[in-house]
S.K.: 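Handing you a structure now.
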Amino acid sequence: MPPSKQQFLDDLARRLKDLGNRPDKHKIDALGSMASAVLGGNIAGVSEKDVGDFVKSRLVRAAPDCKVPILYLIDSIIYNLRRSSYPSIFQEHLPIIFRDTYQSVKEADKQRMNRLLYKWEKREKGGFNRDILAETRARLNPNFNERDFRESQNLKKKQVRDREQQNLVTQLQSGIQMQSVKKLENQTLDQVEYLAELNNTASNVLMQLQANIPKNQQLSLEAVRVQDNNFYVQLIKTALQDLENRGIRKRGDRPTIKWETKFLKTVASESAVKRIKHYDEKQQTVPLKTKSKTSTVPQSRCWFILASQWVEGKIQIRSQDRVMERQESVSSTLSLGLSTPVKRGNKVRADEKYTHCPISGEAFKSEWDEDLNDWVYVNAIRPDPNGPIYNSDAYLKRSSSMTDLNQSGNLAKRARV
């Protein structure tokens, strides 16, 4: 007949008292068998927590000479029964209990406790949590400060998390080979099926990235979305790229056209090229607008790159600065005509932007003007205050030629009438 709960606890207390001040292997093994019997359910009403709390209470109340053997008993239980809940039960309040025990024992027992703690720190299987052991080691220091210790531990955890996340992002950016049990290829899915496949693909990516992490510490795709949205976006982008590589499309999506950058005609249809040429033929000439009437003299749009010429690749783009400078000079000359009086010897304030005449190409002669108290260009004119500066002779010659052109056009009109 199995013992009752009270009988079991009384027997456990008697055996703990018999340990004495010297650790005995046979006595420790017998107490370990009692702890193992609780796991099998042979003792009605007694749980693992009851045994763990009872042993810890005896450790606290035991005489200083009898504390170390109880620590050896705890070490035996957590190693032999490491798959049970005993390790998590005994590590509750372990740093404080171990520190108080350490302060109450003699020097020889302190050395034994140091060796036992070192053994726990080096043990890979059947041991306590690493953070609990780090706190236990820190509390043995007489100058221990709990606040500084907590801050340092939180900082270390944050660094570890950041390093792990950076490793995951690096793996995503470098590209990983996803291996799923069943992959769809070259199919067109509706919106619901496409989103489901996208979610499954992203989950597979996340699962492979967490292959070396224990399953109880792995994150789901939804947890990643809530905790770190930037990393979640990286997962979705990787999944979208995988779907594209496998030929998975959403119903209703238009096919992607890959345009080449060198010549448009390599991918554009013939009809599109014809329409572009037809448009260029209509835009070859632009009427010259004056204040009185519209002249039919064609003006070349040499500064405009025709679409057909760009398609055929026959034009070479000139320097934008020279083109704009020529356009400004022509437009200002056409708009002013002979309405602005021009005289030799005109002076214009010197401007570093314009050192040569746009029409003749000659360099301006500069001198100091006492009235203006500034450097000026001699024999120059600036019709537009913000426009270019011209040589007076070249500007007069250009203006007279434009007048002759207008007069010849008027005479031709009268002759036709």
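What you see is a predicted model, and the numbers here were worked out from it, not measured in a lab.
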S.K.: Please determine whether side chain to side chain contact (heavy atoms under 4.5 Å, CB included) holds for the pair L31 and L19, giving the CA-CA distance in whole Å, both sets of side-chain angles, and the decisive distance to 0.1 Å.
M.R.: CA-CA 10 Å; L31 287 168; L19 275 177; 3.9 Å; yes
S.K.: Any salt bridge between D393 and K397, counting N to O under 4.0 Å?
M.R.: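 Looking at K397 together with D393, the answer is no, because their closest N to O distance does not fall below 4.0 Å.
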S.K.: Hey, is D75 close enough to K119 for a salt bridge, meaning N to O under 4.0 Å?
M.R.: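 Looking at D75 and K119, the cut-off is met.
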S.K.: Within the structure provided, determine whether Y118 and N114 are in side-chain contact (heavy-atom separation under 4.5 Å).
M.R.: no
S.K.: At their closest point, which heavy atom of Y72 faces which heavy atom of R112, and how far apart are they?
M.R.: OH-CB, 3.6 Å
S.K.: Kindly say whether A62 contributes a backbone atom to a donor-acceptor pair with the side chain of K67 at under 3.5 angstrom?
M.R.: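 It does hold such a pair.
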S.K.: Got a sec, which residues hit salt bridge (charged side-chain N to carboxylate O under 4.0 Å, His left out) with D228, two or more places apart in sequence or on another chain?
M.R.: none
S.K.: State whether the side chain of S84 and the backbone N or O of L81 hold a donor-acceptor pair below 3.5 Å, judged by distance alone.
M.R.: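 Yes; judged by distance alone, with no hydrogens or angles, the pair exists.
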S.K.: What are the two closest non-hydrogen atoms of P358 and I389, and how far apart are they?
M.R.: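 Closest approach of P358 to I389: CD-O, 3.1 Å.
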S.K.: For a side chain to side chain contact (heavy atoms under 4.5 Å, CB included) check, start with the C-alpha distance between Y232 and V226, then their side-chain angles and the critical distance, and finish with the verdict.
M.R.: CA-CA 9 Å; Y232 175 78; V226 174; over 6 Å; no
S.K.: Hey, could you give me the OH/CD1 distance between Y395 and I381, rounded to the nearest 0.5 Å?
M.R.: 5.5 Å
S.K.: One pair to check against side chain to side chain contact (heavy atoms under 4.5 Å, CB included): F90 and I97. What are the steps and the verdict?
M.R.: CA-CA 10 Å; F90 280 116; I97 295 175; over 6 Å; no
S.K.: Of the non-hydrogen atoms in Y390 and P383, which two are nearest, and what is the gap between them?
M.R.: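 Between these two residues, the closest heavy atoms are CD1-CD, 3.7 Å.
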S.K.: Counting neighbours of CZ on F144 that are heavy atoms of other residues, nucleotides or ligands and sit closer than 6.0 Å, is the number greater than 12?
M.R.: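 Yes, the 6.0 Å shell around CZ holds more than 12 heavy atoms from other groups.
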S.K.: Using 0.5 Å steps for rounding, measure from the CG atom of L235 to the CG atom of N204.
M.R.: 11.5 Å
S.K.: Side chains of K347 and E367: closer than 4.5 Å at any heavy-atom pair?
M.R.: yes
S.K.: Mark yes when over 12 heavy atoms from residues, nucleotides or ligands other than R130 sit less than 6.0 Å from its CZ; otherwise mark no.
M.R.: yes
S.K.: I want to check something: taking the side chain as every heavy atom from C-beta on, are K106 and D65 in contact at a cut-off of under 4.5 Å?
M.R.: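 The answer is yes, as the side chains (C-beta and beyond) meet within the 4.5 Å cut-off.
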S.K.: Does this structure show an ion pair linking E135 with R99, if we count only N-O contacts that are shorter than 4.0 Å?
M.R.: no
S.K.: Looking at CD1 of I77 and CE of M34, how far apart are the two atoms once the value is rounded to the nearest 0.5 Å?
M.R.: 10.0 Å
S.K.: Please check this pair: side chain of Q218 against backbone of Q210, looking for a donor-acceptor N/O pair closer than 3.5 Å.
M.R.: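 Confirmed, Q218 side chain pairs with Q210 backbone.
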S.K.: Between L117 and L140, is there a side-chain heavy-atom distance shorter than 4.5 Å?
M.R.: yes
S.K.: Testing the basics here: between L219 and Q227, what is the closest heavy-atom pair and its distance to 0.1 Å?
M.R.: CD1-OE1, 4.0 Å
S.K.: Which distance, rounded to the nearest 0.5 Å, do you find between the CG of D50 and the OG of S47?
M.R.: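 Going from CG on D50 over to OG on S47, the span is 3.0 Å.
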S.K.: Side chains of P87 and Q91: closer than 4.5 Å at any heavy-atom pair?
M.R.: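 A side-chain contact under 4.5 Å is absent here.
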S.K.: Are any of the side-chain heavy atoms of Q241 and K237 separated by less than 4.5 Å?
M.R.: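 A side-chain contact under 4.5 Å is absent here.
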S.K.: Measure the spacing between CG of L240 and CD1 of I248 and express it to the nearest 0.5 Å.
M.R.: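 It comes to 12.5 Å.
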S.K.: Donor-acceptor pair, K56 side chain versus I89 backbone, under 3.5 Å?
M.R.: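 Pair found, side chain donor or acceptor close to backbone of I89.
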S.K.: Work out which heavy atom in W120 is nearest to a heavy atom in L71; give both atom names and the distance.
M.R.: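 Residues W120 and L71, closest heavy atoms: CZ2-O, 4.4 Å.
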S.K.: Given side chains that start at C-beta, do those of E151 and L155 come closer than 4.5 Å, heavy atoms only?
M.R.: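 In short, these two side chains do not touch, never coming nearer than 4.5 Å.
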S.K.: For G32, does its backbone N or O pair with a side-chain atom of S36 as donor and acceptor, under 3.5 Å?
M.R.: no
S.K.: Could you walk me through whether L73 and L59 pass the side chain to side chain contact (heavy atoms under 4.5 Å, CB included) test, one step at a time?
M.R.: CA-CA 10 Å; L73 170 63; L59 173 62; over 6 Å; no
S.K.: Could you tell me if the side chain of R123 sits less than 4.5 Å from the side chain of R82, heavy atoms only?
M.R.: no
S.K.: About how many Å separate CD1 of I132 and CZ of F98, when rounded to the nearest 0.5 Å?
M.R.: 13.5 Å
S.K.: Please state whether the rings of Y377 and F364 are parallel, tilted or perpendicular, taking 30° and 60° as the class boundaries.
M.R.: parallel
S.K.: Do you know the tightest heavy-atom contact between F54 and A13?
M.R.: CZ-CB, 3.6 Å
